[in-house]
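This report concerns only the one structure given below.
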Amino acid sequence: MFTCEICGKIFQQNKNLNRHKRSVHGNIKFSCSKCSKEFTRKENKDRHELTCDLPTDDHRCPRCNKLCATAHGLKRHMSHHAQGAKRHSDDEIPGPSPPKQSKSDILYQREPSPVPQPGPSSYKCRRCNERFDNRRDLYLHNMTNHYQVGGQLQDTPWGNQPAPWEGSSTDERLKTVYEANAPLILQPNAPGPNISTYNFPTGNDVDEDQIRQAAEAIYDRQDHAFKLNLSFGVILRHRETGEYRYFRPFYNDTVLDRPLYISKRRDLRTLTLKLRRMDLFTLFLQHRPDTKWVPVLVTNFRFTIFHTFYPIGDLHGPLPDYVQNNQALEKLDVNKHTNKLYDDHYCAFRCLALHQGYDVKSLEGKTKQLFGMWANFKGGIKDFQGVDYEDLPDFESCFQINVEVYALNQEGHTSSIYKSRGRYEKTMYVHLYQGHFSYIKDFSLFAKKYQCKFCDKLWDHHGHYVRHELRCQDKTRFVYPGGFYKPTKTLFEELSYFGIGCPDQVYPWFIVYDFEAILHQVQGQRSYKVEWTHEHAPISVSIASNVSGFQDPQCIVNSNADDLVKGMVEYMNV
């Protein structure tokens with residue numbers, strides 16, 4: 001430890017003590033070569049010079065005429081004037097604060113903008129500039145007039161029958177919310193190459209059989225194994241205000257903790273069993289922001305399908321526009337010399353050649369060489385149709401490289417298709433569309449959001465997504481045949497969900513009892529490992545109550561257990 005002889009400050013290193021003496025006690029200053037501003041430490045002066053501009057009249061204080069080096073310095077200087085003015089005005093009569101000057105007002109000595117007069121807040125539509133008094137009206141306006149739907153909406157589930165809001169009187173609020181959100185409730189199915197969504201409008205009569213039939217219909221459309229998850233859309237009503245709101249099915253709020261893997265039709269039984277173990281009404285209650293909201297109408301349920309096991313190297317037709325326009329991808333779908341689509345299923349090897357530094361216009365020689373190495377590794381290949389999904393671990397072993405496979409949808413959301421074990425030093429990132437690999441040359445520009453393949457959550461940053469997926473993937477789950485213990489809700493708790501309160505929830509009268517037993521010696525009772533020497537036999541019971549006339553404790557003694565219980569029940573029935 002090194003101590004300053006002048007001020008007694010302690011330092012762990014001698015160089016820090018010397019610097020302290022020079023800057024604090026040595027009166028040594030370091031001046032900026034541009035504006036002559038002085039600093040006690042050289043590193044502060046060097047950092048200042050990187051952003052220092054020569055003073056101009058734009059940086060002159062309009063109050064004291066001081067010339068500041070930068071706009072930031074002028075802003076900091078003006079804050080001192082504001083603090084001083086505030087200290088001098090402490091004795092003045094309180095009143096409305098003066099208009100606040102913006103940075104541009106200070107720099108260009110303009111008059112400050114007038115203080116807006118108090119009044120109702122206004123929300124403006126960014127598309128048509130129409131204004132509304134609250135966010136709810138703005139949302140309903142956007143959904144009704146500006147929401148774009150990719151295809152024709154589906155029919156309502158009730159057909160020619162009365163709608164849920166029709167009855168003795170029409171509930172206009174419920175009708176307005178349903179019709180405004182019809183593009184989400186009745187949206188068409190959206191099958192995709194990697195992720196598909198199937199929407200099914202329904203009502204409050206939805207049950208496990210209806211959901212199972214919808215899942216079987218989806219299964220009949222698939223050619224490969226897939227992962228499946230389920231989410232619901234619900235309209236909620238506020239108990240106090242009567243306001244309605246729609247809770248749409250999201251990726252981040254699904255019924256299953258993780259997607260269910262479906263490879264055979266009998267795997268759908270697992271979905272049915274999971275739904276039967278769940279209380280759908282309790283599930284809908286989870287969509288509420290708080291207990292004041294009550295679900296009144298189940299509008300739709302949506303299946304999200306994650307396709308797996310693609311034959312890689314087989315592209316049917318041109319790539320879609322959202323892939324073609326992605327600047328972070330090298331598509332590798334068209335030969336640069338002939339301008340024709342590739343049909344040799346070598347896209348995985350072209351991605352590897354690009355990753356090794358070869359130019360996109362001179363890939364063919366290296367591509368064929370890499371394919372030859374792959375053929376030798378597999379012991380010969382006839383009628384090559386592309387690298388199968390199951391072959392990716394062997395592909396990594398053959399070329400000593402990690403392969404990370406991602407898929408991009410039209411909304412810019414990215415999901416992981418294949419995660420490498422990270423056994424090698426270098427990693428190649430590729431994009432998959434209909435069995436075709438494209439090389440990801442700039443991962444930071446590749447996607448807007450990243451989607452966890454286990455729980456479907458979306459993340460803005462790839463690092464956050466990777467960190468989450470590691471925890472999500474390695475999370476241990478214990479499955480108990482009997483399930484976790486859940487106390488049964490009382491009748492009063494069930495009624496409270498519907499806003500029905502019962503002030504008297506406790507019955508005032510009670511009876512308590514306690515048995516005593518003695519040990520009887522027994523003989524001849526033994527098994528291979530255990531011998532019984534005594535057994536408990538009830539001998540007495542004590543009863544007490546707060547019922548008028550029976551408040552004194554009563555003790556009944558009887559060595560016959562049956563007679564003892566009979567006497568206890570008879571006393572309670574008096």
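Here the structure is a predicted model, which is why all the values come from computation and not from measurement.
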field: Stepwise side chain to side chain contact (heavy atoms under 4.5 Å, CB included) test for L236 and V294
entry: CA-CA 5 Å; L236 309 172; V294 180; over 6 Å; no
- request: Walk me through it: do Q324 and D333 pass the test side-chain hydrogen bond (donor to acceptor under 3.5 Å, both in side chains)?
  value: CA-CA 10 Å; Q324 291 282 5; D333 57 334; 3.1 Å; yes
query: Is there a side chain to side chain contact (heavy atoms under 4.5 Å, CB included) between L332 and C351 once you walk through the steps?
result: CA-CA 8 Å; L332 301 177; C351 290; 3.6 Å; yes
query: Are L363 and D359 close enough, and set up right, to give a side chain to side chain contact (heavy atoms under 4.5 Å, CB included), and what steps lead you there?
result: CA-CA 6 Å; L363 290 176; D359 187 79; over 6 Å; no
task: Give the C-alpha distance, both sets of side-chain angles, the deciding distance and a yes or no for side chain to side chain contact (heavy atoms under 4.5 Å, CB included) between L184 and Y246.
output: CA-CA 10 Å; L184 300 175; Y246 174 62; 4.1 Å; yes
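The CD atom of Q369 lies 10.5 Å from the CG atom of L352; values are rounded to the nearest 0.5 Å. Here the CG atom belonging to D344 is positioned 9.0 Å from the CG atom belonging to N335, to the nearest 0.5 angstrom. Within the model, atoms CG of L186 and OG1 of T299 stand 8.5 Å from one another, a figure rounded to the nearest 0.5 Å. Rounded to the nearest 0.5 angstrom, H431 NE2 and Y406 OH are separated by 12.5 Å.
Partners of F371 by ring pair (Phe, Tyr, Trp, His ring centres under 6.0 Å), not counting sequence neighbours, listed by chain and number: Y346, F349, F384. By the side-chain hydrogen bond (donor to acceptor under 3.5 Å, both in side chains) test, N181 is found to be paired with Y139, residues two or more places apart in sequence or in another chain being considered. Taking the side-chain contact (heavy atoms from CB on, under 4.5 Å) definition, one finds that C4 meets it with I6, C7, L17, H20, H25, sequence neighbours left out. The ring pair (Phe, Tyr, Trp, His ring centres under 6.0 Å) test applied to Y198 returns no partner, not counting sequence neighbours. Take R245 and apply the side-chain hydrogen bond (donor to acceptor under 3.5 Å, both in side chains) test, not counting sequence neighbours, and it matches no residue. Residues forming a side-chain hydrogen bond (donor to acceptor under 3.5 Å, both in side chains) with T427 (at least two apart in sequence, or on another chain): N402. Residues passing the side-chain contact (heavy atoms from CB on, under 4.5 Å) test with K426 are H355, I401, sequence neighbours excluded. Applying the side-chain hydrogen bond (donor to acceptor under 3.5 Å, both in side chains) test to R131 and every residue at least two apart in sequence or in another chain returns S122. Shown here are the salt bridge (Lys or Arg N to Asp or Glu O under 4.0 Å) partners of E425, two or more places apart in sequence or in another chain: there are none. For Y322, there are no ring pair (Phe, Tyr, Trp, His ring centres under 6.0 Å) partners, not counting sequence neighbours. Under the salt bridge (Lys or Arg N to Asp or Glu O under 4.0 Å) criterion, D391 pairs with K378, sequence neighbours left out. Take K292 and apply the salt bridge (Lys or Arg N to Asp or Glu O under 4.0 Å) test, not counting sequence neighbours, and it matches E240.
With contacts defined as side-chain heavy-atom distances shorter than 4.5 Å, the pair V403/V430 qualifies. Contact annotation: the side chain of K336 approaches that of V360 to within less than 4.5 Å [non-hydrogen atoms, C-beta and beyond]. Side-chain contact between H141 and C125 is present, with heavy atoms from C-beta onward closer than 4.5 Å. Looking at heavy atoms from C-beta onward, F303 lies out of side-chain contact with S231 at the 4.5 angstrom threshold. The shortest distance between side-chain heavy atoms of Y433 and P320 falls below 4.5 Å. The shortest side-chain heavy-atom distance between S438 and L319 falls under the 4.5 Å cut-off.
Looking at S362, its side chain never comes within 3.5 Å of a backbone N or O of Y358 through a donor-acceptor pair. Proximity of a side-chain donor or acceptor of H337 to a complementary backbone N or O of K361 within less than 3.5 Å is detected. Checked by atom type and distance alone, the side chain of S196 never pairs as donor or acceptor with a backbone atom of P191 at under 3.5 Å. Side chain of N199 to main chain of I185: a donor-acceptor pair is present (N/O by atom type, distance under 3.5 Å, no hydrogens or angles). A donor-acceptor pair is defined here as one N or O able to donate and one able to accept, closer than 3.5 Å; no such pair exists between the side chain of R237 and the backbone of E243. The backbone N or O of K124 sits nowhere less than 3.5 Å from a side-chain atom of E130 that would complete a donor-acceptor pair.
Scanning both residues, P295 and V234, for their nearest heavy atoms gives CB-CG1, 3.7 Å. Pairing each heavy atom of C61 with each of H77, the nearest pair is SG-NE2, 3.3 Å. Taking each heavy atom of L228 and I305 in turn, the nearest pair found is CD1-CD1, 3.8 Å. For the residue pair Q327 and K441, the shortest heavy atom distance occurs at O-CE, 3.1 Å. Across P183 and Q187, no two heavy atoms sit closer than the pair O-CB, 3.0 Å. What you find for A353 and L370 is that their closest heavy atoms are N-CD1, 3.8 Å.
Heavy-atom contacts from other residues, nucleotides or ligands closer than 6.0 Å to CD of Q12 number 12 or fewer.
Checking each of W374, F377, Y418, F437 against F395 for a ring-ring contact (aromatic ring centres under 6.0 Å, His included) leaves exactly one that passes, namely W374.
At a threshold of 4.0 Å, the pair E364-R350 counts as salt-bridged, since one of the basic side-chain nitrogens sits closer than that to a carboxylate oxygen.
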